Amino acid sequence: MDDAAATTLDSDATRERDAMVRDQIQARGVADPRVANIMRVVPRHLFVPAEDRAHAYEDCALPIGHGATISQPIVVATMLEALHLDGMERVLEIGTGSGYSTALLCELAGEVWSIELDAHLAQRAADLLRKLGYRDRLHLRAGHGEEGWPSAGPFDRIVLGCAPPHVPKPLLEQLADGGRLVAPVGPKDRQKLVAVERHGARFTKTDLGDVRFVPLRESDG
Ligand code: SAH
């Protein structure tokens with residue numbers, strides 16, 4: 001965020017964000033201080049529809065239109081922590097949605113590429129992120145994320161905000177050696193959050209628990 005935006009917004013809903021981090025995120029064991037610190041700053045309420053602002057810091061996902069949702073804060077925090085970000089990484093995100101997790105990734109990583117299938121959501125997120133000062137190290141595109149962003153890869157981290165039945169092969173191919181992918185994987189109504197690490201041609205998978213995400217819509221469907 002640029003300084004002007006940070007100053008105006010930080011005075012707004014600071015207490016709600018502090019409570020969200022303390023009661024929903026730290027209380028459930030997300031211990032990464034960088035994740036907690038940035039979730040205390042980024043104004044989540046600006047990423048939810050105006051009529052839902054009052055609920056922006058509650059312990060739930062919220063609809064953002066076009067069949068999409070802004071993920072529950074604890075789910076966002078769990079995924080960010082699982083990405084093991086130290087500030088330098090090149091990150092690919094699939095499913096920009098509201099742009100909330102995109103903003104957090106911009107704060108926690110080096111450079112971010114994010115793809116959203118729905119053109120309306122993509123435009124809305126682009127406008128808001130730009131207004132908040134996320135520009136130089138952020139690249140946005142409307143399109144099918146399961147194909148990745150070959151011209152910009154390989155990526156140190158890949159994160160999916162929508163759930164495919166299996167991790168799409170192009171994404172595994174665009175993961176750098178030593179890189180990490182975090183995604184909800186499984187059928188439409190219930191998925192496992194998994195972290196996949198790449199070691200050369202070998203991929204190791206860790207199960208991070210049950211989640212429920214908007215399904216990834218594939219090109220042929
Ligand atoms: N992290 C976002 C999650 C939004 S919901 C947030 O918290 O706001 C998941 C998003 O994935 C939806 O916006 C949906 O339109 C998008 N999506 C679904 N299939 C996709 C695909 N194949 N490629 C890119 N985005 C996709």
Side-chain angles (χ1 to χ4, degrees), residues 20 24-25 35 38-39 42-50 52-53 55-83 85 91-109 112-129 132 134 138-150 152 155 157-172 174 181-189 191 193 211-221:
M20 171 186 81
Q24 300 174 37
I25 291 166
V35 171
I38 204 58
M39 289 186 77
V42 173
R44 180 175 163 93
H45 60 281
L46 298 184
F47 293 86
V48 309
D52 278 332
R53 294 260 150 96
H55 305 294
Y57 296 100
E58 290 175 10
D59 189 12
C60 56
L62 291 168
I64 55 169
H66 308 274
T69 56
I70 177 171
S71 303
Q72 187 184 4
I74 180 61
V75 173
V76 177
T78 301
M79 293 180 85
L80 289 172
E81 183 173 60
L83 282 169
L85 297 166
V91 183
L92 174 66
E93 177 185 45
I94 311 303
T96 317
S98 65
Y100 176 60
S101 49
T102 319
L104 293 164
L105 288 169
C106 287
E107 298 282 358
L108 293 169
V112 177
W113 287 258
S114 185
I115 308 175
E116 168 55 51
L117 182 60
D118 184 281
H120 294 99
L121 289 175
Q123 189 58 54
R124 201 165 73 194
D127 291 345
L128 177 57
L129 289 163
L132 293 177
Y134 299 103
L138 174 62
H139 316 271
L140 298 169
R141 191 166 89 184
H144 274 281
E146 68 272 25
E147 285 144 34
W149 197 316
F155 301 96
R157 303 289 186 268
I158 299 180
V159 60
L160 278 71
C162 46
H166 308 282
V167 180
K169 205 163 162 230
L171 299 184
L172 292 175
Q174 288 168 41
L181 174 148
V182 174
V185 179
K188 202 168 161 200
D189 52 342
Q191 306 103 21
L193 188 63
V211 284
R212 194 173 167 182
F213 273 73
V214 167
L216 180 144
R217 279 176 282 150
E218 289 180 88
S219 318
D220 56 0

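Atoms within a ligand are numbered from 1 in the order they appear, just like the ligands themselves. All figures in this text were calculated on a predicted structure; none of them were measured in a lab.
Screening residues 158-171 for salt bridge (charged side-chain N to carboxylate O under 4.0 Å, His left out), with sequence neighbours left out, gives Lys169-Glu173.
A distance-only check finds no donor-acceptor pair linking the side chain of Arg157 to the backbone of Val91 [under 3.5 Å].
Within 4.0 Å of ligand 1, contacts by protein heavy atoms are made from Ala68, Thr69, Ile70, Ser71, Ile94, Gly95, Thr96, Gly97, Ser98, Ser101, Ile115, Glu116, Leu117, Leu121, Gly143, His144, Gly145, Glu146, Gly161, Cys162, Pro215, Leu216, Arg217.
Between the side chains of Ser114 and Glu93, at least one donor-acceptor pair of N or O atoms lies under 3.5 Å. No hydrogens or angles considered: a donor-acceptor pair under 3.5 Å links the side chains of Glu107 and Tyr134. Donor-acceptor pairing under 3.5 Å is recorded for the side chains of Glu58 and His55.
The number of heavy atoms from other shown groups lying within 6.0 Å of CZ (Arg141) is above 12.
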